[in-house]
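One structure below.
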Protein chains: 2
Amino acid sequence: MAEIVDISGESSAEPTKTQTLADDVFEQLRTAIVKGELPPGSKINEPQLAAQYGISRGPLREAIRRLEGCKLAEIKANAGARVVSLNDTQAIEIYEIRESLEGLACRLAATRASGDDCARLRALLAQHEQQIRDEDWTQYVQKEGDWDFHYQLVELSGNKRLFNLLCGELYHLLRLFRHQTGSAPSRPEQAFREHHAIVDAIAAGDGELAELLMRRHITGARNTLLDTLADSAAVPSTDSAGEHDEDQSENQIT
Amino acid sequence: MAEIVDISGESSAEPTKTQTLADDVFEQLRTAIVKGELPPGSKINEPQLAAQYGISRGPLREAIRRLEGCKLAEIKANAGARVVSLNDTQAIEIYEIRESLEGLACRLAATRASGDDCARLRALLAQHEQQIRDEDWTQYVQKEGDWDFHYQLVELSGNKRLFNLLCGELYHLLRLFRHQTGSAPSRPEQAFREHHAIVDAIAAGDGELAELLMRRHITGARNTLLDTLADSAAVPSTDSAGEHDEDQSENQIT
DNA sequence: CCAGCTTTAAATGTCAACAATATGGTTGTC
DNA sequence: GACAACCATATTGTTGACATTTAAAGCTGG
């Protein structure tokens, strides 16, 4: 009854018969980072991780380079790699890009989506609504439901590169940031209404409206997040929006 | 008198004292690909390239993984890497994303640009205008002038991630596509006027107008490109918009 | 002459060892 | 006691060799 959309970034066709070791480790590292098991800012120790995954440093280094490509790790020459740590400014930058890009996705989806596509979107929303009634309201946005919706929407745009960009990079970064700050969007009823309005606009073929509504939707989410951050930043006296503090947390997997 | 803006993607501070071998080769490969010396679709032979650059296969493989991160190469397990080859559909997808993102850049620039910034943009345009009068009209858009303008504009947005995304990935892909198709945008006088209008809107602080104008500007460029493609595709009878033709051109650096 | 299999070569994936660089602690001096 | 230079250790960068897989060439039989 869950019906979770694939979030891996690769199109899930077959189980990928022979994957290379670097590919395996890359995926494991990515999920570990996004889940927060490798904390933001923590150092990526090659010998240790190589031993942990039972592979040599060669494939591991290639996996790390691919992490850098997803912007999930930052590499400095002769100094190693660290899990990326987003400050508030960077998070805002990502939200700005996301707002623009998902607006585009809605505009495209409005022109390309078929009746069946819209019906499927509405079914997804209805399913989430049911899930909300059963469980807790706050679970809707906080957990995977919100991502499911945006995933399917971006897929409907028909722009594969847009899909890869949003679902393969930006969403991962936003998840990372949420785990990093421990903040939950939590404005479920409003988000739910906005989702419905967006689908209505797409079903009506009104691309401009769909784009506008999605932009507002994301702007609202961003502002909610910023308010949360401002509140949590008001409690500690110093050291809140600093630069890279070296050695934030050297050991991972607490 | 040229004043070409740095296009490398990295911020050009110092000559980067100790760069790693993989970094060097990565940059050389990237420029080779964008310049067309490594033709789109051509296979990337590890032993050959390693010998050519005088390094081992280890750093070379890391450089290739970073190329994959820039979307300039595609790697298939146990089959090696190939220089990416964009078909018309993919080019359209990139233009759609670029339109949305540069619209965002203009909107942001309108709110953040200072008077000096706008003056600098106008100086750049005036300089290009002079260059156009001296040389040939068609040189303006076709060569680096157009990129210069868009570079500075995106930089003015203040969104570093947006800058990296556009100037570090998408622009490279578009250059690659132009070399691939041999098409030149070539509508210089119109582009020049549109650039001026965009700067005016930014100077007036009108973000919405700047965004709208930039969107139109890019849409026009895209349509011009598509018309060119449609014309050139009408000449050959078969095999024009095909998929990957294996072994398009195995040898590079003709 | 072609189909299909075997063999062969080349390229990719992986590993372990070596070299160079940065980090951390120690020691010595002022 | 503080600062600087030095040494020791660990980590990163790089290399060459080995294993595995793919692709091609060659061969045999129909």
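The chains referred to below are lettered A, B, ... by the order of the sequence lines, with proteins before strands, and numbering in each begins at 1. These numbers come from a predicted model, not from an experiment.
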On DNA chain C, does the nearest nucleotide to A/A77 precede the nearest nucleotide to A/D23 from the 5' side, or the other way round? Give the residue. A/D23

Considering only NZ, NE, NH1 and NH2 on the basic side and carboxylate oxygens on the acidic side, decide whether B/E99 and A/R107 come within less than 4.0 Å. yes

Whole angstrom value for the distance that separates C1' of D/dG13 from OH of B/Y53: 20 Å

Given atom CD1 of B/I64 and atom P of C/dT12, what is their separation to the nearest angstrom? 8 Å

Just the table, please: protein N/O against nucleotides 15-17 of chain D N/O, every pair under 3.5 Å.
residue : atom : partner : partner atom : Å
D/dT15  : OP2  : B/S56   : N            : 2.9

Starting at NZ of B/K76 and ending at P of C/dG13, how long is that distance when rounded to a whole Å? 12 Å

Rounded to whole Å, the CG-P distance (A/L60 to C/dC15) equals 11 Å

For nucleotides 8-11 of chain C, list the nitrogen or oxygen atoms of the protein found under 3.5 Å from its nitrogen or oxygen atoms, one pair per line.
residue : atom : partner : partner atom : Å
C/dA11  : OP1  : B/N45   : ND2          : 3.2

Quickly work out the A/D24 CG to C/dG13 P distance and round it to whole Å. 13 Å

Between A/R66 and A/D23, is there a salt bridge with N-O shorter than 4.0 Å? yes

Do A/E74 and A/R82 sit within salt-bridge range, that is, some charged N less than 4.0 Å from a carboxylate O? no

Please determine if B/E96 and A/R112 form a salt bridge, counting it only when a charged side-chain N lies under 4.0 Å from a carboxylate O. yes

Any B/R65 side-chain nitrogen or oxygen under 4.0 Å from OP1 or OP2 of C/dG13: yes

Atom pair distance, as rounded to whole Å: CD in B/E62 and P in C/dT12: 16 Å

Carboxylate-amine/guanidinium contact A/R57 A/E46, below 4.0 Å: yes

If we count only N and O atoms by modelled type, under 3.5 Å, do the side chains of B/S114 and B/D117 hold a donor and an acceptor together? yes

For B/L166, does its backbone N or O pair with a side-chain atom of B/E169 as donor and acceptor, under 3.5 Å? no

Would you call the rings of B/F163 and B/Y151 parallel, tilted or perpendicular if under 30° counts as parallel and over 60° as perpendicular? perpendicular

Nucleotide C/dT12, atom C1' - distance to CZ of B/R61 in whole Å: 6 Å

Taking atom P of C/dT12 as reference, at what distance in whole Å does atom CD1 of B/I75 sit? 11 Å

Is the shortest side-chain N to carboxylate O distance from A/E93 to B/K160 below 4.0 Å? no

Side-chain N,O (B/T20) to OP1/OP2 (D/dT12) below 4.0 Å: no

